[in-house]
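We use all heavy atoms of the structure for the numbers below, so side chains are in, but hydrogens, waters and symmetry mates are not. Chain letters run A, B, ... following the sequence lines, proteins first, then strands; residues in each count from 1.
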Protein chains: 2
Amino acid sequence: MESPLVRKLGCFTRLSAEETKALNEISRVKIRRVGAREDIIREGDTLENINLILEGWACRYKQLEDGRRQIIAFFVPGDHFDSHVFSLREMDHSIGTMNAVTLAELGREGLLALAERHPRIAQSLSWEIAVRFSIQREWTVSIGQRTAAERLGHLLCELFLRMQAVGLADATSCDLPVTQVDLADALGLSNVHVNRVLQELRANGLIVLRGRHLTIPDFQALAANSLFNPHYLHLGHEGRHLDAADE
Amino acid sequence: MESPLVRKLGCFTRLSAEETKALNEISRVKIRRVGAREDIIREGDTLENINLILEGWACRYKQLEDGRRQIIAFFVPGDHFDSHVFSLREMDHSIGTMNAVTLAELGREGLLALAERHPRIAQSLSWEIAVRFSIQREWTVSIGQRTAAERLGHLLCELFLRMQAVGLADATSCDLPVTQVDLADALGLSNVHVNRVLQELRANGLIVLRGRHLTIPDFQALAANSLFNPHYLHLGHEGRHLDAADE
DNA sequence: CGTGACTTTGAGATATATCAATCTGAGTGG
DNA sequence: CCACTCAGATTGATATATCTCAAAGTCACG
């Protein structure tokens, strides 16, 4: 079984068989299962390991004193949290699961050693961090400037492409294991409004969303409607080059 | 003259005289001046150097097709952009100046070599990136959840502390070389509304803002009013320890 | 002392929030 | 296999934070 991390890093650079094997192996050493809607990491914790998601979705979130919650990022399989946080004393936010999640706990040292031995792994891990940062920037743009419909459409486009990048989407659809309240907390909207905008997108034939499964019949249409430009995900740049060379 | 970078990294770890000297020297090699309201880097550019701000303010921003602009981050002296972007093909956003800016262009190799020779420099640079990421997350929270008054107050608290961290603030005030339109674009508000909220904060005695200079007479009061918790800036953790040991 | 950039004011307009029901459907126990 | 339950989705009615447009004021600078 191939680790979704391999799949994702493969978007950036072609990994050798040896590198792939090493990554798959390190993902198998220490597995942990967490139920739905549980916290994996709490604000104030100190981190010992890097957690890699093998199955399920999680999110980074922060809660204000009065209870308002903002989801700061979603994690899908192949994502990990959070190498660079090691520089900080303690977590300034929490990480919780959406549905049931399977994690690989990568020892910090193990991964660093791996990166040292395989420069392309190091390179693609730093690519991954840069992309994550880029996504965070785009969320700032979304919440700051886009209308509710654009925001929602934009988020769905992003999540769909990210699922596709790890091989968890078919041509037009993927799982979306989040509630409307979650979407609202991620977009800075009320759940009532999310519901209404969702209906509007459905009415326009831009999405089908039922039972935690999302279908985007015409991606271009939804993207255009949301001012979505996939550039910020930096997917498939190197990958596409290599693919082209294959043919 | 001490580089503001030294000042800032000193918040995290005590640098040796030798490390300080090395950082000051590398900041002096290649200096560049850019006028107010100019772009330093444009979307689509590829990066060759790391630019360190010695004087003046800049911002990261992104513009939607229809002209809406979101300021994604402010850069004050001591900040640099952007080591981790090297992993990406090309910039997915632009960087522009607020007022006149003096930059040090650090060669990528030079800095990497420096980091290799001095592990504490490497460590504090990675701390810096982690903090920047944390700030980006907090902006997401702000724009998503806080009211206009909280948002504005929160941003002013942040900028004041960041200026203080590089020694560019006195006990209650610092420069703030941005227009109300800039604040609006950073906060996802209209400039008219920023103006009104600014007046409200003034009326409540929380800020004095005139001629690009900000005074916060009672920081605690403004912080409380804005649900501002400085933890996310991760300032002075290690620093405080060492200070304590000094006594 | 004029010009342009920025700030301030006023008067509506509207996107989105809030509150409170009601509905739906998947899972549970009897 | 049927009621029950409960989380989540939907609806309706109303409130409000914030936006838009347009004009007028202020101030630094040449």
Side-chain angles (χ1 to χ4, degrees), chain A residues 35-38 57 64 66-71 96-100 142-155 175-203 207-214 225-226, chain B residues 35-38 57 64 66-71 96-100 142-155 175-203 207-214 225-226:
Chain A
R37 321 236 130 230
E38 283 181 29
W57 284 35
L64 300 186
D66 62 4
R68 281 175 274 173
R69 177 179 77 140
Q70 176 70 37
I71 291 182
T97 59
M98 315 309 297
N99 52 358
S142 256
I143 303 180
Q145 300 299 327
R146 286 185 241 264
T147 66
E150 289 165 351
R151 253 184 258 186
L152 189 41
H154 195 277
L155 179 61
D175 285 337
L176 192 84
V178 303
T179 68
Q180 293 183 4
V181 172
D182 296 327
L183 289 175
D185 286 349
L187 297 170
L189 298 167
S190 72
N191 60 338
V192 174
H193 200 58
V194 164
N195 180 278
R196 289 184 169 131
V197 172
L198 235 23
Q199 291 177 49
E200 180 191 322
L201 295 181
R202 284 187 190 113
I207 62 166
V208 180
L209 179 56
R210 263 194 64 77
R212 310 283 130 108
H213 196 81
L214 167 72
N225 200 68
S226 316
Chain B
R37 322 236 130 232
E38 281 181 31
W57 284 35
L64 301 185
D66 61 3
R68 282 176 273 173
R69 177 178 79 140
Q70 176 69 36
I71 291 181
T97 59
M98 315 308 298
N99 52 0
S142 257
I143 304 180
Q145 300 298 326
R146 288 186 240 263
T147 66
E150 289 165 352
R151 254 184 256 184
L152 189 41
H154 195 278
L155 179 61
D175 285 334
L176 193 83
V178 303
T179 68
Q180 293 183 6
V181 172
D182 296 327
L183 290 174
D185 285 350
L187 298 169
L189 297 167
S190 72
N191 59 340
V192 174
H193 200 55
V194 164
N195 180 276
R196 289 183 170 131
V197 172
L198 235 23
Q199 291 177 51
E200 181 191 321
L201 295 181
R202 284 188 191 113
I207 62 166
V208 180
L209 179 55
R210 265 194 62 78
R212 310 284 130 107
H213 196 82
L214 167 72
N225 200 67
S226 316

Between [options], which nucleotide has the shortest distance from any of its atoms to the side chain of [X]?
{"X": "B:Arg212", "options": "C:dC6, D:dT18, C:dT8", "value": "C:dC6"}
{"X": "A:Arg196", "options": "C:dT18, D:dT18, D:dC19", "value": "C:dT18"}
{"X": "A:Thr179", "options": "D:dG8, C:dT7, C:dC6", "value": "D:dG8"}
{"X": "A:Val192", "options": "D:dC21, D:dC19, C:dC19", "value": "C:dC19"}

(request) Using a 4.0 Å cut-off on protein heavy atoms (strictly under), produce a 5'-to-3' string for nucleotides 24-30 of chain D with B for base contact, S for backbone-only sugar-phosphate contact, and - for none. (result) -------
Nearest-angstrom distance from the residue atom [atom1] of [X] to [atom2] of [N]:
{"X": "A:Asn99", "N": "C:dG27", "atom1": "CG", "atom2": "C1'", "answer": "17 Å"}
{"X": "B:Gln199", "N": "C:dT9", "atom1": "CD", "atom2": "C1'", "answer": "8 Å"}
{"X": "B:Arg151", "N": "D:dC19", "atom1": "CZ", "atom2": "C1'", "answer": "12 Å"}
{"X": "A:Ile143", "N": "D:dT18", "atom1": "CD1", "atom2": "P", "answer": "15 Å"}
{"X": "B:His193", "N": "D:dT20", "atom1": "NE2", "atom2": "P", "answer": "12 Å"}
{"X": "A:Leu209", "N": "D:dT10", "atom1": "CG", "atom2": "P", "answer": "8 Å"}
{"X": "B:Arg37", "N": "C:dG4", "atom1": "CZ", "atom2": "P", "answer": "18 Å"}
{"X": "B:Arg68", "N": "D:dC19", "atom1": "CZ", "atom2": "P", "answer": "13 Å"}

(message) Base, sugar-phosphate or nothing for A:Arg146? Non-hydrogen atoms, less than 4.0 Å.
(response) nothing
Which pair of heavy atoms, one from [X] and one from [Y], lies closest together, and at what distance?
{"X": "A:Gln145", "Y": "B:Asp185", "result": "NE2-O, 3.9 Å"}
{"X": "A:Leu187", "Y": "A:Ile143", "result": "O-CG2, 4.0 Å"}
{"X": "B:Gly35", "Y": "B:Thr97", "result": "O-OG1, 2.7 Å"}

(message) Against B:Leu152, only a single residue in B:Thr147, B:Val197, B:Ile207 fulfils side-chain contact (heavy atoms from CB on, under 4.5 Å); can you say which?
(response)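 Exactly one pass, corresponding to B:Val197.
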(message) Name the residue from B:Leu155, B:Asn195, B:Asn191 that meets the side-chain contact (heavy atoms from CB on, under 4.5 Å) definition with B:Leu183.
(response)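 Of the listed options, the one satisfying the test is B:Leu155.
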(message) Going by side chain to side chain contact (heavy atoms under 4.5 Å, CB included), name the residues that satisfy it together with B:Asp182, two or more places apart in sequence or in a different chain.
(response) B:Arg37, B:Arg69, B:Ile71, B:Met98, B:Val178, B:Thr179
(request) Check the pair B:Leu176, B:Arg212 against side-chain contact (heavy atoms from CB on, under 4.5 Å), reporting the backbone distance first and the verdict last. (result) CA-CA 5 Å; B:Leu176 193 83; B:Arg212 310 284 130 107; 5.7 Å; no
(request) Would you check if the side chain of B:Gln70 reaches a backbone N or O of B:Ala186 as a donor-acceptor pair within less than 3.5 Å? (result) yes
(message) Taking A:Arg151's backbone N and O only, do any of them form a donor-acceptor pair with A:Ser142's side chain (distance below 3.5 Å, no angle check)?
(response) no
(request) Please list residues of residues 180-191 of chain A whose heavy atoms come under 4.0 Å from any atom in DNA chain C, ordered by number; otherwise none. (result) A:Gly188, A:Leu189, A:Ser190
(request) Return no unless some side-chain N or O of B:Asn195 is found under 4.0 Å from OP1 or OP2 of C:dT7. (result) no
